[in-house]
There are 2 protein chains.
Amino acid sequence: MSRSNPRVVSVLERAGGFASAQEVYRLMQREGESIGLTTVYRSLQSLVNDKFVDVLRREDGEAIYRLCGGAHHHHLVCKGCGETVEIEGGAIEKWAKTMAQEFGFRDVGHTAEIFGLCPKC
Amino acid sequence: MSRSNPRVVSVLERAGGFASAQEVYRLMQREGESIGLTTVYRSLQSLVNDKFVDVLRREDGEAIYRLCGGAHHHHLVCKGCGETVEIEGGAIEKWAKTMAQEFGFRDVGHTAEIFGLCPKC
DNA sequence: TATGGAAATGAAAATCATTTTCATTTGTGC
DNA sequence: GCACAAATGAAAATGATTTTCATTTCCATA
Ligand SMILES: [Zn+2]
Ligand SMILES: [Zn+2]
Ligand SMILES: [Zn+2]
Ligand SMILES: [Zn+2]
């Protein structure tokens with residue numbers, strides 16, 4: 001299992017919002033960094049395992065990754081420029097718990113994302 | 001644009017929870033129904049356009065489809081058997097609106113799903 | 001320093017869902 | 001029957017992701 005590659009982390013830092021594996025790869029190429037696509041995938045995978053980045057899916061199904069504080073949280077993502085704000089979701093946590101209880105579900109997790117246009121767009 | 005194919009709708013009805021295009025195709029094959037994979041994809045796409053089904057993504061990125069009331073709502077999905085309950089998300093709507101306002105986002109939508117184990121599993 | 005094995009790397013091939021192409025079939029009105 | 005549009009589906013193309021496998025880089029120990 002490859003270690004959390006610092007060069008990939010650095011790209012994600014500079015990228016700001018979410019970026020796909022292919023984008024990370026292209027970015028590194030453009031900047032003259034020598035790396036294989038396979039290594040990009042492996043590094044991102046291991047960063048996800050270690051909870052250093054979180055991953056979600058574009059509308060077309062492509063996985064996108066983002067550096068990310070470890071604590072559980074949610075996102076407000078701009079459809080225009082990709083700008084992302086990490087937000088707190090107390091209301092969601094409560095909602096999820098209530099609903100799960102009501103229907104007898106155990107061992108529950110949840111996803112919740114908000115998409116819109118940021119002030120700049 | 002292909003019409004909302006009633007045979008595909010029927011499969012989704014019988015399938016219960018979510019099913020991928022490939023699964024719908026395999027199911028119809030197994031039941032001796034003659035249909036092309038392309039047509040399955042086209043029918044599902046048009047059902048999504050017409051809001052007769054909603055679509056979300058498996059963890060691996062594969063799109064899954066489900067017959068679905070037209071109104072906006074959310075899902076409680078069993079990780080074990082796929083059993084799905086449509087739930088109401090008043091708390092989420094409010095949360096999304098509040099967060100969007102706070103950060104000046106316009107034109108916002110949201111997704112929210114809960115995953116867990118149903119009573120049977 | 002040499003050396004043997006473990007971990008990391010990456011090029012190329014394989015996988016697999018989804019889309020595109022394009023020729024054929026089906027349906028509908030005249 | 002005839003023309004024409006919509007629907008269909010087989011096969012090829014696409015594109016992200018994973019797998020394979022040979023090579024390189026590290027690292028500990030003799
Ligand atoms: Zn995050
Ligand atoms: Zn923006
Ligand atoms: Zn639904
Ligand atoms: Zn279940």
Side-chain angles (χ1 to χ4, degrees), chain A residues 1-12 15 17-68 77 79 82 111 113, chain B residues 1-12 15 17-68 77 79 82 111 113:
Chain A
M1 192 79 68
S2 69
R3 189 83 82 317
S4 297
N5 192 318
R7 295 194 296 153
V8 169
V9 172
S10 157
V11 172
L12 283 179
F18 285 95
S20 72
Q22 302 280 350
E23 286 165 353
V24 168
Y25 176 66
R26 275 179 239 127
L27 276 172
M28 296 181 76
Q29 296 256 298
R30 211 170 299 153
E31 295 172 6
E33 290 214 58
S34 167
I35 195 170
L37 182 55
T38 314
T39 302
V40 171
Y41 273 101
R42 276 191 289 236
S43 303
L44 287 171
Q45 190 50 61
S46 115
L47 284 165
V48 169
N49 289 341
D50 299 346
K51 315 258 188 183
F52 289 138
V53 315
D54 50 19
V55 49
L56 53 95
R57 300 257 166 201
R58 293 232 175 89
E59 199 131 325
D60 68 352
E62 191 176 0
I64 50 183
Y65 306 83
R66 181 173 191 279
L67 273 187
C68 182
V77 185
K79 292 187 279 200
T111 67
E113 307 288 330
Chain B
M1 193 76 71
S2 70
R3 188 86 79 318
S4 297
N5 191 321
R7 294 195 295 154
V8 170
V9 172
S10 157
V11 172
L12 284 179
F18 284 94
S20 73
Q22 302 280 350
E23 286 164 354
V24 168
Y25 176 66
R26 274 180 240 128
L27 275 173
M28 295 182 75
Q29 297 256 298
R30 210 170 300 151
E31 295 173 6
E33 291 214 57
S34 166
I35 195 169
L37 182 56
T38 315
T39 302
V40 171
Y41 273 102
R42 275 192 289 237
S43 304
L44 288 171
Q45 191 50 62
S46 114
L47 284 165
V48 169
N49 289 341
D50 298 348
K51 316 259 187 181
F52 289 138
V53 316
D54 51 20
V55 50
L56 53 95
R57 300 253 166 206
R58 292 232 174 89
E59 199 131 325
D60 69 351
E62 191 175 0
I64 49 181
Y65 305 84
R66 180 173 191 278
L67 274 186
C68 180
V77 184
K79 291 186 279 200
T111 66
E113 307 286 330

For B:R7, the side-chain hydrogen bond (donor to acceptor under 3.5 Å, both in side chains) test, sequence neighbours excluded, returns B:E33
Length of the OH-P vector between A:Y25 and C:dA12, whole Å:
10 Å
Can you tell me how far P of C:dA7 sits from CZ of A:R42, to the nearest Å?
14 Å
Send over the distance from B:M28 CE to D:dT8 C1', rounded to a whole Å.
13 Å
Return the value, rounded to whole Å, for the distance between atom CD of A:E33 and atom P of C:dT9.
13 Å
If you measure from the Lys or Arg side-chain nitrogens to the Asp or Glu carboxylate oxygens, is any gap between A:E23 and A:R58 under 4.0 Å?
yes
Presence of B:T39 side-chain N/O under 4.0 Å of D:dG9 phosphate oxygens OP1/OP2:
yes
Between the main-chain N or O of B:E62 and the side-chain N or O of B:D60, is there a donor-acceptor pair closer than 3.5 Å?
yes
So do A:F18 and A:D54 actually touch side chain to side chain, heavy atoms under 4.5 Å?
yes
Compute the bend angle of the helix from C:dT1-D:dA30 to C:dC30-D:dG1 from the end axes (five pairs per end), rounded to 10°.
10°
So, the side chain of A:S10 versus the backbone of A:P6: is there a donor-acceptor pair under 3.5 Å, distance only?
no
Are the side chains of A:N5 and A:I35 in touch, meaning some heavy atoms are under 4.5 Å apart?
yes
Starting from P on C:dC16, measure out to CG on B:D60 and report it in whole angstrom.
11 Å
Nearest-0.5 Å distance that lies between atom OG1 in A:T111 and atom CG in A:L56:
9.0 Å
Check the distance between C:dG10's P and A:Q29's CD and give it to me in whole angstrom.
10 Å
So, B:Q29 versus B:Y25: side-chain donor-acceptor pair below 3.5 Å or not?
yes
To the nearest angstrom, the CG-P distance between B:L56 and C:dA17 comes to 17 Å
Roughly, in whole Å, what's the span from CD1 in B:I35 to P in D:dA7?
14 Å
A:L44 versus A:L12: any side-chain heavy-atom pair under 4.5 Å?
yes
Every protein N/O within reach of nucleotides 13-17 of chain D N/O, cut-off under 3.5 Å:
residue, atom, partner, partner atom, Å
D:dT17, OP1, A:A63, N, 2.9
D:dT17, OP2, A:Y41, OH, 2.7
D:dT17, O5', A:Y41, OH, 3.3

